[in-house]
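Contents: one structure, followed by commentary.
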Amino acid sequence: MFISIVQAEGNYKRWIPNTNFDYAYNWDSGKPPCGDTIAVFSDDSPSVYMQMNTTLKELRLPSTDITLILDNDFVLGFTDVPDNNPSCLSNGQEVHFNKTYPSDWFDPKNWCTSTTETGNCTDMVLESEMVPCSYDNVIFPKDSSFFVNVEAEMEIVVNTLKISGKALSTNTFSSFLKTDMGSRMFPKPHTGERSKIKISRRPCNNPLGCTCGNDIPEILQRICNIQKPYCVKQACKHPILFTGGCCEICGAKLTAEYGTGFKFDTLRNGLQRNQLDGKEDFKDVKFVVSRTSNDKIQISLTDKHGGLQSIHVATLMKADIDQDILSGGFKYSLRKIAMEQSGPAIHTPSAGARTGGSGGNGGETAGIVIGVLVVIGIVFAGLFFLHRRRSIPEISRFKVFDRISFRRPKVKRPHVEVPPFLRFSFRSEQVENVGPSHQGFENPIFGNSPLGGDKPMDLELMPPPLESEEQPTFDTSGFDNPLYDTYVQESLFSDAATVEIEEPRKEKSGLPED
């Protein structure tokens, strides 16, 4: 069997705390007194069971009554000689018995759940079922004394109750509470009354299963008020809360409604056999089937890998139950099934590997690291270009950066005065007069490159007189150019407003004019 199953009926609940003399945690030094130490009991001390032979320098009892329960053949000696045993505080100091307050019946940590009266403790899933249920057998072990708080003024129902090996009924237990030893083990509250403990002696024989009874609001609230401060942060996102639980956990919950012919054991054993037996991958899953006080069947699953294994198992179980419902429900006799699960696990690569994961968490981490490095690179590149832009001169700056950003550099375009008959000019929103005609203008680009120290050259815009143009020469051995030395119309280079248009000549055609 590879899965932990906690049966929800007929368990043994064994009380853990005690007030024994030799129990180290009952003393303020963390060690029981021995050698030449002084054992001190306060007025609020409960009954103390002394079962081991020991020596003391002094035993100081309270001014009020105290009950010391001595085991058979118990021997207590007194001495001033130190004990060289490392476990003893042999320096004559006082050691105080500090178990002066009762342990609460409704505290889940005070109970050990087992399938036998003296068996090993089993990990439980629901806090409400860690405390004795109505069908459980309660054991207060032999050879121990106890200090139990039952002041909640509630009705506690258990199947059986044994104290120091003696089985009690409801009436005999009530009589025991009236004795000196009983009143010290189960002290009366300062206000109110003790909870009434009813011993039913009725084990769970219902084929539908039995309700624990501790998930009703009054009892569950009392249990959770004690347990919630000890809830730990879970290794998953969005943990869920089971019915009857106090702490949110990682895992999955199946809630079902049963129909005619339903049997509790058939469902539990069938899910175990069909989905879990012989499967090594699911060995760490805790699985419990219980019947809640609202008459539903709850299947609770959790594990120590962030819930990944238990969610996978719950998915298989739900698919199995859904298929049975579609087929008529002859196998499990359930009518409806719903599933609730926690979110993804947090930093549990081993769990991912067990459930078929492919190391997604490692890939996510690598992706995050790469993304951060890219962002840092972009930021540093931006700061570098910004610094370079501020350090490059205004005129030559665009040569580097505007070429990168593909923007046209903004350069002031000069306006040059030219003779009217040419009628051309450079225009810009900002006009700069660079001087009279025949003086040209300075090219703001030429000669200002950071790579060279050449001086700018004057650019002459006035064309030379036509008379000074160098005329082309031709080889006299060739042919004559028919256009050479032809008549040049002055109007081509004159102001259009002052040119007189010459009417074309009309040839005489011999026709009368209109």
Side-chain angles (χ1 to χ4, degrees), residues 3-9 11 13 106-109 111 113 121-136 204 208-258 264 267-268 271-272 275-276 282 284-318 321 334 336-346 351:
I3 186 168
S4 259
I5 274 197
V6 180
Q7 297 182 355
E9 52 179 303
N11 288 313
K13 299 291 174 66
F106 294 98
D107 189 346
K109 299 187 301 298
W111 296 98
T113 301
C121 300
T122 304
D123 290 337
M124 299 290 290
V125 175
L126 305 177
E127 287 83 359
S128 62
E129 294 185 359
M130 297 179 186
V131 178
C133 298
S134 60
Y135 43 71
D136 284 333
C204 180
L208 299 177
C210 299
T211 60
C212 172
N214 290 338
D215 59 345
I216 63 175
E218 294 80 7
I219 297 180
L220 183 61
Q221 183 178 359
R222 176 62 186 265
I223 295 173
C224 291
N225 286 342
I226 300 172
Q227 181 64 28
K228 279 186 176 180
Y230 302 97
C231 294
V232 297
K233 185 177 180 180
Q234 297 297 307
C236 67
K237 298 180 180 179
H238 313 298
I240 61 176
L241 182 66
F242 296 141
T243 300
C246 298
C247 301
E248 294 181 333
I249 63 176
C250 302
K253 175 177 69 173
L254 298 174
T255 305
E257 296 180 7
Y258 61 87
F264 187 88
L267 174 65
R268 183 184 59 195
L271 294 176
Q272 169 78 28
Q275 307 299 336
L276 302 166
F282 305 141
D284 295 325
V285 176
K286 296 180 183 179
F287 158 66
V288 60
V289 181
S290 56
R291 183 181 172 189
T292 62
S293 295
N294 59 356
D295 206 23
K296 299 289 181 64
I297 301 299
Q298 177 177 255
I299 304 171
S300 308
L301 302 101
T302 185
D303 59 68
K304 58 183 180 181
H305 303 290
L308 294 180
Q309 294 180 356
S310 54
I311 291 173
H312 187 55
V313 172
T315 303
L316 297 175
M317 289 183 175
K318 185 177 184 299
I321 295 173
L334 296 177
K336 185 185 298 185
I337 185 76
M339 177 175 171
E340 183 181 357
Q341 69 182 53
S342 59
I346 302 175

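Computed from heavy atoms alone, side chains included, the values below leave out hydrogens, waters and symmetry copies.
- Salt-bridge formation is detected for the pair K286/D123: a Lys NZ or Arg NE/NH1/NH2 atom is positioned less than 4.0 Å from an Asp or Glu carboxylate oxygen.
- Here the CG atom belonging to L271 is positioned 10.5 Å from the CG atom belonging to L316, to the nearest 0.5 angstrom.
- Residues T302 and C250 come closest through the heavy atom pair OG1-O, 2.7 Å.
- Considering CH2 of W111 and CE of M124, their distance stands at 13.0 Å, rounded to 0.5 Å.
- A 4.5 Å side-chain heavy-atom check between R268 and V288 finds every atom pair outside the cut-off.
- I297 contributes atom CD1, which lies 14.5 Å from atom NZ of K336 (distance to the nearest 0.5 angstrom).
- Residues Y135 and N11 bring no donor and acceptor atom of their side chains to less than 3.5 Å of each other.
- At most 12 heavy atoms of other shown residues, nucleotides or ligands fall within 6.0 angstrom of atom CD in Q221.
- Atom OG1 of T315 and atom CD of Q275 lie 10.5 Å apart (nearest 0.5 Å).
- Distance alone, capped at 3.5 Å, places no donor-acceptor pair between the T255 side chain and the Q298 backbone.
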Given the rule in the side chain to side chain contact (heavy atoms under 4.5 Å, CB included) test, do V285 and L276 qualify, once you have shown the distances and angles that lead to the verdict?
CA-CA 9 Å; V285 176; L276 302 166; 5.6 Å; no
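- Residues F264 and L208 have side chains not in contact (no heavy-atom distance under 4.5 Å, counting atoms from C-beta outward).
- The two atoms that bring G245 and C224 nearest to each other are O-SG, 4.0 Å, heavy atoms only.
- Here the closest heavy-atom approach between residue G209 and residue R291 is recorded as O-NH1, 2.8 Å.
- Between C210 and C204, the gamma sulfurs sit within a distance below 2.5 angstrom.
- The 12-atom threshold is exceeded at NZ of K109, counting heavy atoms of other residues, nucleotides or ligands nearer than 6.0 Å.
- Between the CG atom of L254 and the CD atom of E340 there is a distance of 10.5 Å, given to the nearest 0.5 Å.
- At a threshold of 4.5 Å between non-hydrogen side-chain atoms, the residues K253 and Q341 do not count as touching.
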List the steps and the verdict of side chain to side chain donor-acceptor pair (under 3.5 Å) for D303 and S310.
CA-CA 6 Å; D303 59 68; S310 54; 2.9 Å; yes
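- Between Q234 and S342 the shortest side-chain heavy-atom distance does not fall below 4.5 Å.
- Across every non-hydrogen atom of V131 and K13, the tightest pair is O-NZ, 3.3 Å.
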For S293 and D215: C-alpha separation, side-chain torsions, deciding distance, then whether side chain to side chain donor-acceptor pair (under 3.5 Å) applies.
CA-CA 7 Å; S293 295; D215 59 345; 2.2 Å; yes
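- Counting heavy atoms from C-beta outward, V313 and F287 have side chains that stay 4.5 Å or more apart.
- No side-chain heavy atom of E248 sits under 4.5 Å from any side-chain heavy atom of I240.
- With D107 contributing its side chain and I223 its backbone, the two residues share no donor-acceptor pair below 3.5 Å.
- Side-chain N or O atoms of K296 include none that pairs as donor or acceptor with a backbone N or O of Y258 at under 3.5 Å.
- Cysteines C246 and C231 keep their SG atoms at least 2.5 Å away from one another.
- Distance check: N214 CG to L126 CG gives 10.5 Å after rounding to the nearest 0.5 Å.
- Within the 4.5 Å cutoff, side-chain heavy atoms of C247 are placed close to those of E127.
- Taking the side chain as every heavy atom from C-beta outward, S128 and I219 never approach each other to under 4.5 Å.
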